[in-house]
Structures are given as C-alpha cells and as structure tokens.
Amino acid sequence: MSKPTPLSGFPEFLPDQRFVETEVLATLARTFELHGFAGIETRAVEPLDQLLRKGETSKEVYVLRRLHEEGGGDAGIGLHFDLTVPFARYVLEHAGRLEFPFRRYQIQRAWRGERPQEGRFREFTQADIDIVGRDVLPFHHDVEVTRVMLDALRRLEFLPGLRLQVNNRKLIQGFYAGIGVEGDGVDEVMRIVDKLDKLEPGKVRAMLVEEAGVTDDQADQCLALATIHSSDDEADDGFVARVRALGVDHPLLDEGLDELAALVRGCADLADDRVRIEADLSIARGLDYYTGTVFETRLDGFESLGSICSGGRYDSLASDGRTTYPGVGISLGVSRLLVPLVQRGLVGASRVVPSAVLVALADEESRSASDAIATALRSRDIPCEVAAAPQKFGKQIRYAERRGIPFVWFAGADGGHEVKDIRSGEQVAADPAAWTPPTEDLRPQVTTNEREQ
RNA sequence: GUGGGUAUAGCUCAGCUGGUAGAGCGCUGCGUUGUGGUCGCAGAUGUCGCGGGUUCGAGUCCCGUUACUCACCCCA
C-alpha cells in the first residue's frame, strides 16, 4: 500500500501533542465541574431537518449514508456541526427528567464540510458550557458562564494571552432603533459592522450606505458605536459614558448597556495580565440566534485565527411550543486553539511517552525480574516500561533519552538495584518498593517555547 | 462554491537556458566489545504526486488530473 496522504481539515496529533490536548480537556472538565456543571455527551448525529433549520444550510453538514443502502433510505441524518443544536434537541427531549436551571458542559467533536484553513477544520473538538432555564433565566447566569470560562482559560497557563470581548445585542438593537435603523436592515448592518476587525472603517462605512441602505448620519453613528471598547487603563464603566455621549435614547439600549456593564464589572476580578475581558461594541456574532450577551475571544499573536471562544445569550433556541428554554453559553474551540500552537511547536510535552522509568533488561533470562521491578513501581502509580530488547545498556539509555524518559532502572546480578537520572547522570541505589521520582517527573509536563520570529 | 500557490529521501528543502538525484537534520553501524548525550568515520533510503505530450534525452517544458495549501465566503 502506498503511503497515505493527509486528509485536509482532519488534523491528527502525535502522542506528545495529544498529551497537551488531553491535559487541556481534563483541565476544562475539572474546572466546569468545579462550577457545578454536569458533563453530558450527545450522539454524533441529528436528523437533517434539525440541523438545517433556521437557515443553517451554510454550515455544510456531512450527511450520513450507508454504503450498501437499500431502497429509498431513511429520513436523513447528518453529523452535528456544533454542540448547541444537539443540546437544544437534548433539552427538549429530556426536559421532563432534567432539573432547571440546567447547567451542563459538553466536550465533543463536530464536523463541517467547509474549506479548511488555519484554525478551521472539517473535524474539530469543541468544549461548550451552557445554562438553560425553563421559561426564564436571570441575567446573572450570563455573568456566571463568563466567569466559568475565564476561570478555565486562566488555568490553561501555557496558553498565550487572550482577550474575551463582550457585547450585548439589546444594546446594538436599541441603539439602531434609536437612530432609526430597524427591521431587516438591523441584521445586515450588524453583519457589516462585524467586519471592522478586517476592513478599514471607511470601507465599512461605505458598505453600510451601499449595502445596508442606511443614511450617512446613521452609518456614522453605527461606526461611532462600534469603535467603542473598554480599554485596560480605564475604569470598567468608561465605555458606558462614551455610549451615552452619542446621544441616542432607547429603552432597549439602556437595558443592554446596563447588562454589559454588569457583566464586565462582574468578571473584572478574574482578569489578569494574560486573560483579559473587555467590552467591545463591534462584536455582533453574525446573524445567529443570540438575543443579548455575545462573546468572542482573540488569542494574542493569533488574531487571524478569528475567535477561539464564542457564544452568548439565546432566549428561544429551544421550545416545544408550550415551554421555551432560554439559555446562555460559551463554546471553546479546542482544535482551533491547540492545533496552531502545537504545529508551531509553541506548546508540547516534556516527553513522548508516559513512562517515567525505563527498566533496563540485562538479558532475556532476566526479563521476569525486570517485569517484577516494573510491577512494583506500577503498584505505586509510577508509569514505567521494560526495555524492549537486551541491548547494550548504552543503547537502552539512548532509547530512554530519545523518548524523554527521565530515569533508567538497573538491576544488578547480585540483587541490588540502582536508578539513574539520565539528565544529570546521577545514579543511586534504590528499592523498587520504596523509590519515587520527584512529583514533576511522575507525569509528562506541558512545555512552552518562545515564539520564533 | 470562486480565485491564486505548491507537490523531489522519514522531516525541512536545493536542483540554473532540458543531459541520467543532492544537502542539512533524522536513521543504522563502527571508533567506545554491557552506561547514552559530544566528536569522527562509514552506510541505507527516492515510482521526483499521477497520467499523457514535446524531445535523441524531462525532476526541469506543455496539457490534463489528484492531493495539499493560501485567500474570499463563513465560522470554533
């Protein structure tokens, strides 16, 4: 068989890279559980009509088909393209057996058939947290999910700095209504304003007039609003005054502004130099189901990746006609975040195998003795492996060195034992029933490298 | 879906106006015969993406094709 070529958009990690990923996934799950979120997993497929509702056809759903399909086939199922749509279905399906407000986390793969690019894949992992209420969900839960995700990002200490950008759709819609932009024009204006991070303000202004059909004055006001963001060196409510200064008056604007200010204020204590939060009034999140708070997250030095962590408030994603289930959630793009960092070698593992110890093998006759040493170490939770072949000890040490295994264990013919730290060369007598490596050597560690220019 | 770029050793890549395949790293062995790393010496490895064409001769030029990749669109 000839050598297989990579499949575009389906990234795979080498063992040390996968180690970084499992560390991230474990940290996320642990943090979410610390905040009382229960883990769930939904099936990988949903009925096509569920996936394609609400004009989501642009999501490029992968449709499932049996290879040896007989007759007309089934109604049609496809792989889910995010975790929010399956979750909405899950809530409706199990509503009778769930406690509300329901807080869950969900870490799974999703699939989209779009053209792959840096940070954009056809198969990728997302980590979602959502809180869903029955009929009502108080605003303080918006603050809560934000705090949970900030906490999780803070615990991923090996990541570059990042900036959580928050806005509020009530604020935008109230402002637009206050200046006379309403109806179908609102979504179009938001979509165009959302491009401010890529296009010149003048270009965006021109698009607003030409494509969204707003007046020059309205375009100026929209731009003035969108360029407001809270900066690090001012009091957290500074942006509120600047919005007020635009002189627009609308009840929805007031409500959104109050919420946004409360959110930023409520999360300020979790921000530090590396993980920041700011109000950014250009954030709109396309034309999705969001109705209030919206999030995006930029990774320092990787702004071109787009948002690595997005979400917001949706007041009616799930409804059975009698009851509606408002929710608020954030989704972290684990693959989008990790693949670029790992492929550049900016994060990695201190070794490519879990083994902390290689038990040397003198000859095949003594394999059972070496196995016994390994068993003794493992009984005390020390990961280890026995040398594959009784090569010269120099070769066995090199085997360990190549893999980053820090210790090699030698059993003498006289029954004595010695363990060598191959980094320092230090070799000492040791007892398989008592010796323990330093804590930092017990498991591989996530390592970071300075970014090469 | 639209437009550009690329495809040569395990990896990163060089290969001129066409003349029979190269480097670095890695790998294997030896020096050092059962304690590695440094250093030195030696060695192995290629359907030059695939198919066709031009030519005495194609990695190189032309056509087609596939894959990868970048941008647009959209998004985690």
Side-chain angles (χ1 to χ4, degrees), chain A residues 1-11 14 24 28 55-61 80-85 106-129 149 162 191-192 194-195 197-199 283-288 290 294-299 302 304-312 329-340 343 345 358 360-363 366 387 389-413 418-428:
Chain A
M1 173 172 133
S2 60
K3 185 178 175 179
T5 55
L7 246 190
S8 178
F10 293 83
L14 294 172
V24 168
L28 291 174
E56 300 282 13
T57 47
S58 65
K59 299 284 190 184
E60 300 282 2
V61 171
H80 58 232
F81 55 80
D82 69 10
L83 302 182
T84 306
V85 171
Q106 189 172 347
I107 302 175
Q108 283 182 245
R109 287 202 208 267
W111 295 267
R112 292 183 194 178
E114 296 167 289
R115 278 280 166 74
Q117 261 179 60
E118 164 104 294
R120 176 174 153 188
F121 311 102
R122 289 179 158 173
E123 178 179 69
F124 56 98
T125 299
Q126 282 188 310
D128 277 37
I129 51 171
M149 193 56 86
L162 40 87
R191 191 182 64 79
I192 295 170
D194 201 46
K195 296 180 184 300
D197 59 332
K198 281 193 175 180
L199 298 177
I283 302 299
R285 296 269 64 226
L287 24 102
D288 262 327
Y290 298 110
V294 286
F295 312 97
E296 285 195 3
T297 309
R298 322 296 289 205
L299 191 63
F302 295 86
S304 63
L305 284 182
S307 175
I308 54 146
C309 181
S310 310
I330 310 189
S331 172
L332 174 65
V334 176
S335 301
R336 168 167 288 186
L337 174 64
L338 248 31
V339 171
Q343 284 183 345
L358 174 73
L361 185 63
D363 47 52
S366 58
Q391 294 177 292
K392 292 185 228 175
F393 284 154
K395 291 251 179 80
Q396 296 189 38
I397 291 171
R398 194 169 65 176
Y399 173 100
E401 203 255 332
R402 295 275 158 79
R403 289 163 179 73
I405 301 172
F407 295 97
V408 177
W409 193 285
F410 298 101
E418 290 192 343
V419 65
K420 178 189 184 94
D421 182 333
I422 65 172
R423 295 160 301 189
S424 64
E426 185 187 12
Q427 186 166 331
V428 297

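Chain identifiers are assigned alphabetically (A, B, ...) following the order of the sequence lines, protein sequences preceding nucleic acid strands; residue numbering begins at 1 within each chain.
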Separation of G37(B) atom P from K392(A) atom NZ, nearest Å, is 11 Å

Integer-rounded Å distance: U35(B) C1' and L361(A) CG: 15 Å

Counting the atoms with a prime plus P, OP1 and OP2 as sugar-phosphate, which does A362(A) contact under 4.0 Å by heavy atoms, base, sugar-phosphate, or nothing? base

Within the 4.0 Å limit for protein heavy atoms, which parts of nucleotides 1-7 of chain B are touched? Write it as a string from 5' to 3', B for base, S for sugar-phosphate only, - for none. BB-----

Rounded to whole Å, the CZ-P distance (R398(A) to U32(B)) equals 16 Å

At 4.0 Å (heavy atoms only), tell me whether R336(A) reaches a base, stays on the sugar-phosphate, or touches nothing. base

Is there a side-chain contact between R402(A) and the phosphate of G37(B), meaning an N or O under 4.0 Å from OP1 or OP2? no

Using a heavy-atom cut-off of under 4.0 Å over every strand shown, decide if G394(A) touches base, sugar-phosphate, or nothing. sugar-phosphate

d(F410(A) CZ, E418(A) CD) to nearest 0.5 Å is 8.5 Å

With rounding to the nearest 0.5 Å, note down the distance linking CG in L305(A) to CZ in R120(A). 12.5 Å

What does Y399(A) touch in the nucleic acid at a heavy-atom separation under 4.0 angstrom: a base, only the sugar-phosphate, or nothing? nothing

Can you name the side chain to side chain donor-acceptor pair (under 3.5 Å) partners of T297(A), sequence neighbours left out? none

My understanding is that only residues two or more places apart in sequence, or in another chain, count here; which of them pass ring-ring contact (aromatic ring centres under 6.0 Å, His included) with F407(A)? W435(A)

In residues 418-428 of chain A, what residues come within less than 4.0 Å of RNA chain B, judged by heavy atoms? K420(A), I422(A), R423(A), G425(A), Q427(A)

Which part of the nucleic acid, if any, lies within contact of L337(A), taking any heavy atom under 4.0 Å across all strands shown: a base, the sugar-phosphate backbone alone, or nothing? nothing

Per-nucleotide pairing state of RNA chain B [Watson-Crick or G-U, under 3.5 Å; [ ] pseudoknot-crossing; | other strand]: (((((((..((((.....[..)))).(((((.......))))).....(((((..]....))))))))))))....

Distance check needed: U35(B) P versus Q396(A) CD, whole Å only. 11 Å

Any T125(A) side-chain nitrogen or oxygen under 4.0 Å from OP1 or OP2 of A76(B): no

Would you mind reading off the distance between I397(A) atom CD1 and G36(B) atom C1', rounded to a whole angstrom? 5 Å

By the 4.0 Å heavy-atom rule, please label P6(A) as base, sugar-phosphate, or nothing. sugar-phosphate

Could you list, one pair per line, each protein nitrogen or oxygen that sits under 3.5 Å from a nitrogen or oxygen of nucleotides 10-13 of chain B, together with the distance?
{"from": "G10(B)", "atom 1": "O3'", "to": "K3(A)", "atom 2": "NZ", "distance (Å)": "3.3"}
{"from": "C11(B)", "atom 1": "OP1", "to": "K3(A)", "atom 2": "NZ", "distance (Å)": "3.1"}

Can you find a side chain N or O atom of Q117(A) that sits less than 4.0 Å from OP1 or OP2 on A71(B)? yes

Using OP1 and OP2 only, check whether a side-chain N or O of K395(A) sits under 4.0 Å from U28(B). no

